[in-house]
Amino acid sequence: MSLGLEHYLVLSAALFSIGLYGALTKRSAVVILMSIELMLNATNIALVAFSRYIVPVLLTGQVFTIFSIVVAAAEATVGLAIIMAIYRSRETIDTTKIDLMKW
Amino acid sequence: MNLELLLPELSLLITAIAVIMLDLFTERKGLLAVVSIVGLAIAAGFAITMWGTDPQAIFNNMLAVDNYALFFKLLFLGIAVLVILVSVDYVSKFVHFRGEYHALVLLATLGMMLMAAATDLISIFVALELAAISFYVLVGFLKDKKSTEASLKFVLLGGIASAVLLFGMALTFGFTGTTQLPEIALAVHEMSAQGLLSNPGLILGIVLMIAGFGFKIAAVPFHMWAPDVYEGAPTPITLYLSVGSKVAGFAVILRVFYSAFALPETLSLDWGMIFAILGAIGMTLGNVVAIQQANIKRMLAYSSIAHAGYIMIGLAAIGLSIGLSPTTDTLAPLAQSSILFYVVAFALADLAAFISVIVISGKLGSDQISDYAGMGKQAPLVALALTLGLISLIGLPPTAGFIAKFYIFSDAVNNGLLWLVIIAVLNSAISAYYYLRVVKVMWLNEPAREGKVPSSLALRLALAISCLGILLLGIVPTIVMKLAEMATSMFGF
């Protein structure tokens with residue numbers, strides 16, 4: 001059995017779903033951030049797989065992936081800095097306890 | 001490579017870096033705001049000189065320089081000038097990082113300008129994230145409990161939204177084979193012969209992209225971040241988020257859906273209907289929840305969620321008008337230009353409202369509506385400006401909001417969306433209740449304390465500009481409408 005596009009897409013969709021599940025259910029802000037990274041990386045797999053199988057001559061998907069990795073790194077940096085800031089003022093990163101504002 | 005076509009963006013980037021450097025060497029921090037405003041003015045000057053020239057694609061079709069992009073660029077530059085003006089007092093309280101504050105405002109502006117110009121999924125994503133990451137930091141700038149909490153909520157939810165958006169883009173790329181909007185349009189057009197609905201992957205991609213963009217414009221059901229972030233953020237940044245970020249989101253949505261997914265007609269009907277339903281839910285939820293808010297920033301947050309709903313009526317009208325008369329040549333550019341008019345009118349009204357809130361809350365140290373009692377006596381001019389802004393948000397004549405709603409609603413009726421317009425008019429009536437409650441508290445209730453409300457020259461100037469804009473658009477709307485029509489008729493790419 002050879003590996004086809006669908007295998008990569010299933011892997012990507014599964015990782016994306018795991019990431020989304022983690023982002024929506026976990027309490028620790030750091031774990032949520034990790035889940036978001038998982039979602040972004042799942043997307044990268046899909047992008048590269050599409051690029052390889054749909055437009056093998058062009059490198060569109062790979063280029064897109066490089067941009068998305070850079071953006072994800074910037075977002076993780078800012079996210080961690082904000083988590084540091086909130087830990088300094090609250091001494092917790094449990095998102096259920098960060099509830100000063102609610103509707 | 002025509003770098004001169006990027007002069008507005010480049011000059012803004014250089015200004016942002018210059019502001020950070022200047023912050024290191026000068027003790028007179030007031031200079032930072034001056035340099036920022038000069039930089040914005042230079043960028044606006046470059047943008048004005050390009051207005052009306054033939055549309056061009058640059059950077060291997062990554063960005064377009066057309067009237068549509070320039071219209072939004074000028075709008076963002078104008079808003080950024082006002083944001084920096086109203087930040088002057090606010091920033092003077094900071095001990096550290098004043099240079100970074102100004103630089104981040106400029107970088108967020110740069111991101112939004114690129115969003116309006118982007119014609120490729122890659123550049124859209126990068127521009128959107130440039131604006132978003134700048135905003136994550138700006139929201140947490142106060143470093144107190146509320147501000148960091150708002151920032152954390154924003155960064156986590158924003159991260160999820162951009163991952164969803166990216167997945168949608170990946171699927172769209174995968175099923176069309178390209179990331180460039182005009183080529184996506186070609187691919188989708190050819191697909192229609194084979195039946196588009198047999199391609200659920202692309203549909204899923206489009207839906208996920210709507211979800212990702214919906215987060216940017218705070219559309220229901222992707223709005224949950226907005227009230228908390230608006231309340232916790234420094235008020236000038238709340239203003240910028242509500243006015244700039246939302247308008248940039250609409251600029252991208254309009255370009256993506258109009259130039260990539262406009263044809264075939266079945267697809268347009270589908271996304272038109274999605275926007276119609278999201279708009280109906282959005283304005284109803286936004287207005288109903290706004291009624292019970294005691295904090296004026298939260299109230300304005302829900303009001304801006306409702307206004308995203310009104311603007312989506314315009315998007316729905318475009319989708320349906322393409323779907324009903326599929327030849328784009330005969331399509332009147334009215335629906336697109338009325339969206340552009342609406343975002344300008346909304347931006348001006350929200351500016352007037354938020355700047356008044358900055359002035360009044362700066363004195364009171366509180367955002368509670370009940371503390372606004374007697375402002376009509378203590379600060380009649382500011383209260384008048386707030387009243388004008390709120391009246392424009394309701395959509396009463398002779399303000400810009402009235403004309404804007406008139407254009408949007410008549411487009412929707414012309415395209416068979418009468419039910420949506422009825423919902424929207426009922427919603428405007430509901431919204432009058434909570435907007436006018438603030439007006440009543442200000443003018444009829446007795447002041448709780450004595451004393452004038454001081455305001456600096458910069459704040460008064462910004463307030464005067466936005467109020468004049470509201471009246472100007474309300475009385476002679478044709479000027480801006482002509483510009484908006486020019487912007488959409490030369491929708492180059």
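Every chain is numbered from 1, with letters handed out A, B, ... down the list of sequences.
- For a residue to count as touching a neighbouring chain, one of its non-hydrogen atoms must lie under 4.5 Å from one of that chain's; by this rule B:Leu171 touches chain A with backbone and side chain alike.
- Chain A forms the most heavy-atom pairs under 4.5 Å with one residue out of B:Ala163, B:Gly158, B:Gly232, B:Gly140, and that residue is B:Ala163.
- For the atom pair CZ of A:Arg90 and CD of B:Glu149, the computed distance is 4.5 Å after rounding to the nearest 0.5 Å.
- The greatest number of non-hydrogen atom pairs below 4.5 Å with chain A, out of B:Leu157, B:Thr178, B:Val155, B:Asn295, is found for B:Val155.
- Nearest approach of B:Gly177 to A:Ile54, heavy atoms of both residues: CA-CG2, 4.0 Å.
- Ring geometry, A:Phe50 versus B:Phe173: the interplanar angle exceeds 60°, so the pair is classed perpendicular (tilted spans 30 to 60°).
- Chain B forms the most heavy-atom pairs under 4.5 Å with one residue out of A:Val63, A:Leu20, A:Ile32, and that residue is A:Ile32.
- A:Phe64 and B:Thr179 make their closest contact through CD1-CG2, 4.0 Å (heavy atoms, listed as atom of the first residue, atom of the second, distance).
- For CZ of A:Phe67, the number of neighbouring non-hydrogen atoms (other residues, nucleotides, ligands) closer than 6.0 Å is 12 at most.
- Of the two parts of A:Leu9, neither the backbone nor the side chain holds a non-hydrogen atom closer than 4.5 Å to a non-hydrogen atom of chain B.
- With a 4.5 Å cut-off on non-hydrogen atoms, A:Leu47 touches chain B through its backbone and its side chain both.
- Listed by first and then second residue, the side-chain hydrogen bond (donor to acceptor under 3.5 Å, both in side chains) pairs involving residues 61-84 of chain A are A:Asn44-A:Ser68, A:Ser51-A:Gln62, A:Glu75-B:Ser162 (not counting sequence neighbours).
- The stretch residues 127-137 of chain B places B:Glu129, B:Ile133, B:Tyr136, B:Val137 near chain A, each with some heavy atom under 4.5 Å from a heavy atom of that chain.
- If you measure heavy-atom distances from A:Val71 to chain B, the contacts under 4.5 Å come from both the backbone and the side chain.
- The number of heavy atoms from other shown groups lying within 6.0 Å of CZ (A:Arg52) does not exceed 12.
- Applying side-chain contact (heavy atoms from CB on, under 4.5 Å) to B:Thr148 and the options A:Leu100, A:Ile83, A:Ile86 leaves one that passes, A:Ile86.
- For A:Ala29 against B:Leu152, the heavy-atom pair with the smallest separation is CB-CD1, 4.1 Å.
- Looking at B:Val139, neither its backbone nor its side chain comes within 4.5 Å of chain A, counting heavy atoms on both sides.
- Proximity to chain A (any heavy atom under 4.5 Å) is shown, for B:Phe167, by both the backbone and the side chain.
- Of all heavy-atom pairs between B:Lys153 and A:Met101, the closest is NZ-O, 3.2 Å.
- Contact between B:Ile160 and A:Ala23 at its shortest, heavy atoms only, is CD1-CB, 3.7 Å.
- Counting all heavy atoms, side chain and backbone alike, B:Lys145 lies closest to A:Ser89 at CE-O, 3.6 Å.
- Contact of A:Phe16 with chain B is made through the side chain alone, with heavy-atom distances under 4.5 Å.
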